[in-house]
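Before any comments, here is the structure.
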2 protein chains.
Amino acid sequence: MTQQMRDSRAPSAKDPSVKDVAAAAGVSLGTVSNVLNRPSTVSAATRQRVERAMSELGFVRNESARQLRAGRSRALAYVMLDGGNPFFHDVAAGIEPAAEAAGLSLFVCNSDGRADREARHLDLLVQQRVQGILLTPVDPDAPHLAEISRRGIPLVMVGRSNRAGDRCSVTVDDVSGGRIAAEHLVDRGHRRIAFVGGPDSIGQVRDRLRGAREIWAEYGRLAEDLIHLPTEALTVGEGRAAGERLAGLPSRRRPTAAFCANDLLALGLLQHAVSVGLRVPDDLAIIGYDDIDFAAAAAVPLTSVRQPRRELGRTAARLVLDEAADPGHRHEEAAFAPVLVARASTGTIRSHAG
Amino acid sequence: MTQQMRDSRAPSAKDPSVKDVAAAAGVSLGTVSNVLNRPSTVSAATRQRVERAMSELGFVRNESARQLRAGRSRALAYVMLDGGNPFFHDVAAGIEPAAEAAGLSLFVCNSDGRADREARHLDLLVQQRVQGILLTPVDPDAPHLAEISRRGIPLVMVGRSNRAGDRCSVTVDDVSGGRIAAEHLVDRGHRRIAFVGGPDSIGQVRDRLRGAREIWAEYGRLAEDLIHLPTEALTVGEGRAAGERLAGLPSRRRPTAAFCANDLLALGLLQHAVSVGLRVPDDLAIIGYDDIDFAAAAAVPLTSVRQPRRELGRTAARLVLDEAADPGHRHEEAAFAPVLVARASTGTIRSHAG
DNA sequence: ATCCCGCCATGAAACGTTTCATTATCAAGT
DNA sequence: ACTTGATAATGAAACGTTTCATGGCGGGAT
């Protein structure tokens with residue numbers, strides 16, 4: 001027996017508009033608008049009559065019309081680099097309340113590391129006339145970004161600034177982060193370490209490696225004792241694969257610690273280590289980057305270099321809103337310092353005999 | 001020295017419209033529109049002239065105006081229940097390509113388990129006149145959902161159907177999932193197990209527990225040997241806390257295995273177990289639910305009950321698009337079967353002496 | 001020569017909102 | 001009685017797009 005829907009609305013009925021409300025309440029269209037936007041200018045009696053009509057008709061403002069009239073949408077957008085990495089969702093979670101406080105919606109898009117997808121998303125966002133765009137870019141110097149700025153749309157880079165520095169950005173110093181991580185390993189007595197990460201096209205990866213190398217040199221270690229294990233992506237699977245290669249090294253070349261370019265790699269590496277019976281940190285110390293929630297939640301809690309993810313989002317939102325509101329806006333580069341969060345995965349101090 | 005921006009656009013210049021393009025190309029406004037929407041009806045020469053004008057002026061369609069004219073937006077929305085749980089992002093990742101294939105954008109919102117936030121998001125989405133809404137609801141029978149349907153907006157429930165069943169839904173049978181998990185533990189020889197999960201207000205949690213109890217009874221086990229450890233949320237932290245309580249039980253009452261209502265709880269429990277030196281699975285077997293990527297990536301890879309996350313999203317998108325397009329649409333309840341993914345965290349067969 | 005048809009291009013109308021200059025009403029002050 | 005001012009309500013215009021009925025034009029068939 002088929003369920004008979006007694007639907008209170010014919011499927012094709014169209015939404016009531018301000019005009020319908022005005023008619024129902026016996027007032028002019030402008031008055032309805034006043035009730036919506038400047039209720040204090042409307043007498044109490046009329047206001048109530050209009051409000052009653054609204055709820056009876058089930059009136060809902062049409063956002064498209066508002067936007068058309070206003071000339072721009074009431075939305076912000078964040079285009080993230082990797083939807084599979086919780087780090088970016090946490091950045092987004094930092095943006096959201098700021099957007100909400102400003103009465104704006106937030107579009108969240110994922111470029112998935114692909115320039116074409118990024119471009120497509122940006123295209124759509126420009127069509128939407130969003131008030132501002134936050135972006136963790138595939139390539140911070142790509143020409144289509146300049147195009148956005150030229151249109152006058154506020155654009156804030158998150159996690160990477162462009163070469164020219166002619167726009168706002170919110171960054172965490174990755175070279176410094178690399179130094180912190182490497183120094184932590186040096187402090188723990190490690191004399192041969194690996195850097196796990198790639199591809200090189202990602203600026204963050206390059207910088208983190210650079211920082212590590214700096215420290216390594218400053219402590220007088222040999223360059224060849226910092227082994228770069230390149231990966232094709234920053235994923236758990238690649239981390240596992242790197243573990244295989246690590247295990248394949250002849251034992252005198254095998255590092256006692258690994259610095260991974262992000263936490264996903266570190267988790268993959270950790271998993272591989274555990275699966276082949278290596279003890280972490282005793283046989284292999286591991287340090288990640290980003291300090292996503294799952295780093296702390298790992299079975300061997302992961303030492304990591306924390307980026308203030310929510311703060312990053314919050315600040316970026318502040319900058320983009322400022323640029324959208326203030327014609328005299330000066331571009332600003334907000335830089336945060338990464339901090340080491342030491343946990344069990346690098347726990348013990350190694351003896352010199354190590 | 002301050003950088004002097006020689007900007008090619010005055011900051012207050014407004015976007016060129018079809019009208020401007022028409023003027024620049026020396027054609028009528030309707031012709032420009034034809035170039036955009038029905039290029040075959042325009043002669044090659046005119047078309048090129050118009051296209052040239054467009055790119056010279058930097059014309060970009062105004063989506064608000066299109067939407068206003070069309071009467072509805074070109075977007076779908078997904079309101080997820082918990083942005084901190086990768087499961088929902090994976091569902092979203094399943095929706096996206098389907099939306100894209102239909103030429104629609106996807107709004108992703110997060111209710112964070114709070115009815116008020118859910119209501120607010122839905123409100124905004126109705127104002128946007130989205131073509132359809134996918135929702136993992138806080139409460140599938142909440143009255144404001146009926147309101148959406150009454151408006152004629154396609155609404156598909158993801159992961160939970162409402163009582164009346166008068167709309168489309170995409171579900172995975174949670175009772176069956178609970179049975180599968182519990183049976184797996186029974187198979188492994190466990191005679192005393194815990195169910196970790198809560199709050200009870202979440203239907204999925206209730207169902208999974210119910211399934212576990214069914215199996216437990218069918219195998220003739222005592223109800224008191226299935227201990228319910230309630231949690232206040234489905235998070236890693238709560239999983240850790242549950243671990244504390246588990247450890248606090250007198251040893252003759254202590255379970256040898258735990259079935260967690262989701263993977264986040266399981267990861268937290270796993271972490272606690274490892275931190276107090278319990279071996280997993282030997283001292284404590286753990287099984288999670290959802291099979292998020294981090295379950296497989298855990299140091300002790302987590303046995304879990306898999307829900308086809310992307311498939312869930314894809315199917316939900318298909319249903320909502322069908323409802324939006326087809327006036328004769330019949331509501332459909334797509335149900336998927338959960339499947340057990342056995343990994344190391346429940347690895348060994350227990351001896352009867354256990 | 002006339003008619004018809006296909007091909008292009010046209011421009012007015014409509015979508016639903018907000019704004020703003022205008023008008024109506026009425027009470028208070030002279 | 002007349003002005004002033006405040007308070008309410010009005011309705012036309014504008015935002016940028018798409019649609020659609022209309023019309024011009026040239027060529028082929030009658």
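Residue numbers start from 1 in every chain, and the chains themselves are labelled A, B, ... in the order their sequence lines are given, proteins ahead of strands.
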Tell me, do A:Pro39 and A:Val42 make a side-chain contact under 4.5 Å, heavy atoms counted?
->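 The answer is no; the side chains never approach within 4.5 Å.
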Rounded to the nearest 0.5 Å, how far does CD of A:Glu56 lie from CG of A:Asp20?
->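 With rounding to 0.5 Å, CG (A:Asp20) is 13.5 Å from CD (A:Glu56).
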5' priority, DNA chain C, between B:Leu29 and A:Asn34 [closest heavy atom] |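 With A:Asn34 and B:Leu29 compared, the 5'-side residue is B:Leu29.
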Reckon [X] has a side-chain N or O less than 4.0 Å from the OP1 or OP2 of [N]?
X	N	answer
B:Thr46	C:dC8	no
B:Ser17	D:dG16	no
A:Asn37	C:dT18	yes
B:Arg72	C:dC15	no
B:Ser28	C:dT10	yes
B:Thr31	C:dT10	yes

Let's see if you can work this out: which of [options] has an atom nearest to the side-chain heavy atoms of [X]?
X	options	result
A:Arg66	C:dG16, D:dA9, C:dT18	C:dT18
A:Arg38	D:dG16, C:dT19, D:dA9	C:dT19
B:Ser43	D:dT19, C:dC8, C:dT18	C:dC8
A:Leu68	C:dT17, D:dA9, D:dG16	D:dG16

Could you tell me how far apart [X] ([atom1]) and [N] ([atom2]) are, to the nearest whole angstrom?
X	N	atom1	atom2	value
A:Asp15	C:dG16	CG	C1'	11 Å
A:Gln128	D:dT17	CD	P	14 Å
A:Gln48	D:dA8	CD	P	14 Å
A:Gln67	D:dG16	CD	P	13 Å
A:Asp20	C:dG16	CG	P	8 Å
A:Arg69	D:dG16	CZ	P	10 Å
B:Met54	D:dG16	CE	P	15 Å
A:Arg74	C:dT17	CZ	P	13 Å

Are [X] and [Y] close enough for a salt bridge, meaning some N to O gap below 4.0 Å?
X	Y	answer
A:Arg117	B:Glu96	yes
A:Arg114	A:Glu118	no
A:Arg74	A:Glu63	yes

Sort me out a list of protein N/O and nucleotides 25-28 of chain D N/O pairs below 3.5 Å, or just none if empty.
none

Member of A:Arg163, A:Met157, A:Arg167 meeting the side-chain contact (heavy atoms from CB on, under 4.5 Å) criterion with A:Pro140 |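 That would be A:Met157; it is the only one of A:Arg163, A:Met157, A:Arg167 passing the side-chain contact (heavy atoms from CB on, under 4.5 Å) with A:Pro140.
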Between A:Phe107 and B:Phe107, is the gap from one ring center to the other below 6.0 Å?
->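 Yes, close enough.
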Minimum heavy-atom separation for B:Leu145 to B:Leu155, with atom names?
->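 Looking at all heavy atoms of both residues, the closest pair is O-CD2, 3.8 Å.
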Would you indicate what B:Gly30 reaches in the nucleic acid, counting non-hydrogen atoms under 4.0 angstrom: base, sugar-phosphate, or nothing?
->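 The residue B:Gly30 makes base contact.
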